[in-house]
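First the structure, in the form of structure tokens, and then the observations on it.
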Number of protein chains: 2
Amino acid sequence: MTQATRRERDRAGTDREIRQQARALLVNDGPAAVTLRAIARELGITAPALYRYYDSREDLIEHLRADVCDDLTVELGNDLVEIAETDHVGQVLAICRGFRGWALAHPQEFALVFASPAAAGVHCPVTTPGTAKDSFGRIFLTVAGRVLANGLPITRPGVEVPDALVPDLTTFRDELLRTIAESGVDLHPDQLGVDTAYVMLQFWVRLYGQVALEVFGQFPFPVTDPTPLFESMLADLISDVGL
Amino acid sequence: MTQATRRERDRAGTDREIRQQARALLVNDGPAAVTLRAIARELGITAPALYRYYDSREDLIEHLRADVCDDLTVELGNDLVEIAETDHVGQVLAICRGFRGWALAHPQEFALVFASPAAAGVHCPVTTPGTAKDSFGRIFLTVAGRVLANGLPITRPGVEVPDALVPDLTTFRDELLRTIAESGVDLHPDQLGVDTAYVMLQFWVRLYGQVALEVFGQFPFPVTDPTPLFESMLADLISDVGL
DNA sequence: GCGGGCCGGTAAACACCGTTCACTCGTTGG
DNA sequence: CCAACGAGTGAACGGTGTTTACCGGCCCGC
């Protein structure tokens, strides 16, 4: 038994080393440098050995994506603990800023996880629970859940939900309720209507869009410091959802 | 002379074929399939021959980007001519919808031009005039110029321009004035203030963000038809800039 | 205690890739 | 007519992902 465990631990250990090296290559030299042979070289083994751990390079990359997501999640979690338990708006700000900061600090990872044309077909977070990206989405939802549970409604006075979106939004709302409940927050279903789900969707769209634009530098002119632009957008966003 | 021209034409012809094939490979099999050898194979020549036309694969890709931008530009131009000359808001809607439609129809090209991590460092459109992306930006600005010239102010009542952005925005404003003047639209400088430049920036950020999100499918839940979402955002956007 | 099986790792090979170099050969211009 | 040019070739180098056959130490059951 102990030997079996030992073997398992060895395997898990080198597996960790593999992903660690892959990660280092990604960060330092870009995605093109994440090469089976390069990884193996750094580890002092040969490339085919990696096939004992992953089916293919693409498989390894996918696990790398998951690692990256997990890191983002814990980083956001760390940011969160520094905010007062009762400062719910502050918590929302913290994860938004944390997400942006992480994306700017890790553009390669961001592109890999959030802007790969390959990821286009994948509907990840809530639909396929257990996915790594899911855990990242969960932290957003947990905070949203806390906000809602404290009686702050997330909505906009004159919000009009397009009819065509109501079915999808209803499904989403149910997903949200379940996820929030799982995270230990008590929330009455009436506190999360379709309008709230819609506003949350819009919130994410704008946050994601701003961050993507910044990461890819797609400004129409050179911006010396994009931070004020982000903060201004964030303030708009917060007030738009009624916080 | 005619012979020299003939040679030139031959060269230009095979050059067109090269980019055409590269384009086809990009669309059909993704960016990874855009291979010098594959292109050459399709053309019935050998890979080193391509070096008579481009310095490297990266060089070819860059020209491909330019081609893609040009295509987008003419496509948007075609969409525009179908709108009544006087319907300025309609023209704005047309290019926004056209941009989205193009991006969704050509995700690979969109990723290549607008969401390549490589493009992060490049400040393209206005700063480096003559760039292909510039021509694409120009079509936006021309329409904006026409709207402004017709007395419709692009701004928001309570807009607050962050102080830190004023210098950049002023430069941007001057660029805008110059570009709009070049496009033959008569515009008094007072009709394009820093606030307008800021609002136009925000407009672009939201448009780009929404499109990128759609192209990469980064919705937090499966959306059966994202069009209503886009249209709702577009309506918001139009009313936000005071049209 | 010992033999068989499992499993991480290796070496060699295959088919690609970008890129360089020396070379051909038809066209062009003086 | 002949030299120069320039598009295209073939071979080569070093790199890549992936497959295959093989080795060798460790674990388990007999």
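These numbers were taken from a predicted model, which means no experiment stands behind them. Below, read A as the first sequence line, B as the second, and so on, with proteins coming before strands; counting in each chain starts at 1.
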>> Heavy atoms from C-beta onward define the side chain here; which of D:dG8, C:dT20, D:dA7 lies closest to that of B:P48?
In response: C:dT20

>> Looking at B:S116 and B:A111, would you say the former's side chain and the latter's main chain have a donor-acceptor pair under 3.5 Å?
In response: yes

>> Using only atom types and a distance under 3.5 Å, with no angle test, would you say the side chain of A:T73 pairs donor to acceptor with the backbone of A:C69?
In response: yes

> Tell me, which of residues 33-42 of chain B have any heavy atom that sits under 4.0 Å from an atom in DNA chain C?
Replying inline: B:T35, B:L36, B:R37, B:R41

> Side-chain N or O of A:T46 less than 4.0 angstrom from OP1 or OP2 on C:dG9?
Replying inline: no

> Less than 6.0 Å separating the ring centroids of B:F114 and B:F99?
Replying inline: yes

> Which nucleotide, D:dT20, C:dG9, D:dT9, lies nearest any side-chain atom of A:I45?
Replying inline: C:dG9

>> Under 4.0 Å, heavy atom to any atom of DNA chain C: which of residues 51-62 of chain A qualify?
In response: A:R52, A:Y53

>> Keeping A:D168 on the side-chain end and B:T224 on the backbone end, is there a donor-acceptor pair under 3.5 Å?
In response: yes

> Is a side-chain donor or acceptor of B:Q218 paired with a backbone partner of B:F216 at a separation under 3.5 angstrom?
Replying inline: yes

> Applying the side chain to side chain contact (heavy atoms under 4.5 Å, CB included) test to A:R100, which of A:E231, A:E214, A:Q210, A:M233 qualifies?
Replying inline: A:E214

> A:L43 CG to C:dG8 P: how many Å, rounded?
Replying inline: 15 Å

> Once you round it to whole Å, what is the distance between P of C:dG18 and CG of B:L50?
Replying inline: 9 Å

> A:L25 CG to D:dG15 P: how many Å, rounded?
Replying inline: 15 Å

>> I need the single residue from A:D71, A:D29, A:D67 that forms a salt bridge (charged side-chain N to carboxylate O under 4.0 Å, His left out) with A:R23. Which is it?
In response: A:D71

> Does a side-chain N-to-carboxylate-O contact under 4.0 Å join A:R19 and A:D15?
Replying inline: yes

>> I need the CD-P distance between B:E17 and D:dA7, as an integer number of Å.
In response: 15 Å

